[in-house]
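A short write-up of the structure that comes next.
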Amino acid sequence: MNPPCGRCNKPVYPTEKINCLDKYWHKGCFSCEVCKMALSMNNYKGFEKKPYCSMHYPKSSFTIVTDTPENLRLKQQSQLNSQALYKEEFEKNKGKGFSVVVDTPEMQRLKKTQDQISNIKYHEEFEKSKIRSDAPPPENRQEQEMQSSHPEIFSQPAGQMCPAAASPPSGGKRYQALYSYTAAEADEVTLQEGDLILDVEPIDEGWMFGCNQRTGKKGMLPANYVRPV
């Protein structure tokens, strides 16, 4: 039985048969798919089991690059060159004191998070500095203003012992501690509830200077922690 032609599907007889590209062709049907130019076994080019002339042969485009050892070597060499260039630029800019950072959305998010953390830490430190003991905290003072208005008090060494603490002068003012207070500075005195304070001298609305009879130490103390007796 005669096979069909690859072009016209009509039977191909042995006298005009061309066997090529896994098909049988009439000599007149074996032509280019595009320009229909007659081809022979010497000048045809096959693509997807169809004959083409040299002019209209489809050009293959490759998009996938095989990860061959040569390609891996080139990739590694490119990375090394990039690192060398980066290091060179870093060394050049190191002495300039600044570097340019791209303000990307990710960098903006990190900056905002860092600002929030800094604000939280600041408020924690601020609250800790306000509370120095279990009692209500005294008002903030301006140390420089007190030193300028009462130089004779601040000229005495911090922590000086009271003279004759057991028998205070008859003319000095005496106060009693209402709350416990822990000295936060070297020029302050520590109080316990009920302590007797001798030779008290007011400094300003928030602070006084006196001597703790129990410990014998002189220094500043918060005015709202004591009461006159």
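All values below come from the heavy atoms of this structure, side chains included, with hydrogens, waters and symmetry mates left out.
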hydrophobic_cluster_shared for Leu221 and Tyr225, side chain cutoff 4.5 Å: yes
Looking only at heavy atoms, which two atoms of His56 and Val34 are closest? And how far apart? CD2-CG1, 3.5 Å
So if you build clusters from Ile, Leu, Val, Met, Phe, Trp, Tyr with side-chain heavy-atom gaps below 4.5 Å, do Ile117 and Leu110 land together? no
Closest heavy-atom contact between Ile18 and Met41? CG2-SD, 3.8 Å
Whether Ser118 side chain and Gln114 backbone form a donor-acceptor pair below 3.5 Å: yes
Starting at CG of Leu21, measure out to OH of Tyr52 and round the result to the nearest 0.5 Å. 10.5 Å
With salt bridge (charged side-chain N to carboxylate O under 4.0 Å, His left out) as the rule and sequence neighbours excluded, what pairs involving residues 30-49 come up? Arg7-Glu33, Asp22-Lys49
Run Val226 and Leu191 through side-chain contact (heavy atoms from CB on, under 4.5 Å) and show every step you take. CA-CA 9 Å; Val226 296; Leu191 303 176; 4.1 Å; yes
So which heavy atom on Val189 is nearest to which on Gly219, and how close? CG1-N, 3.2 Å
Hey, does Asn212 have a side-chain heavy atom less than 4.5 Å from the side chain of Thr190? no
Output the distance between atom NZ (Lys27) and atom CG (Leu39), rounded to the nearest 0.5 Å. 14.5 Å
Indicate yes or no: at least one non-hydrogen side-chain atom of Ser31 is less than 4.5 angstrom from one of Met37. no
Could you tell me which residues satisfy side-chain contact (heavy atoms from CB on, under 4.5 Å) with Lys10, sequence neighbours excluded, listed by chain and number? Cys8, His26
Taking only residues at least two apart or on different chains, which pairs with a member in residues 219-229 satisfy salt bridge (charged side-chain N to carboxylate O under 4.0 Å, His left out)? none
Glu188 and Trp207, any side-chain heavy atoms less than 4.5 Å apart: yes
Donor-acceptor pair, Trp25 side chain versus Cys20 backbone, under 3.5 Å? yes
Tell me whether Tyr179 shares a hydrophobic cluster with Ile197, the cluster being built from Ile, Leu, Val, Met, Phe, Trp, Tyr side chains joined at under 4.5 Å. yes
With sequence neighbours left out, write down each residue that passes side-chain contact (heavy atoms from CB on, under 4.5 Å) with Asn2, or none if nothing qualifies. Pro11, Tyr13, Pro14
Trace of the side-chain contact (heavy atoms from CB on, under 4.5 Å) decision for Asp199 with Lys173: CA-CA 5 Å; Asp199 299 332; Lys173 295 181 180 180; over 6 Å; no
To check you understand the geometry: which heavy-atom pair defines the closest contact between Tyr175 and Pro228, and what is its length? CD2-N, 3.3 Å
Restricting to ring pair (Phe, Tyr, Trp, His ring centres under 6.0 Å), what partner residues turn up for Tyr44, sequence neighbours left out? Phe30
For the NZ atom on Lys17, are there more than 12 heavy atoms of other groups (residues, nucleotides or ligands in this structure) within a distance under 6.0 Å? yes
Side chains of Tyr24 and Pro4, heavy atoms from C-beta outward: is any pair under 4.5 Å? no
Got a sec, which residues hit side-chain hydrogen bond (donor to acceptor under 3.5 Å, both in side chains) with Ser54, two or more places apart in sequence or on another chain? none
So, Asp195 side chain and Arg214 main chain: donor-acceptor pair closer than 3.5 Å or not? no
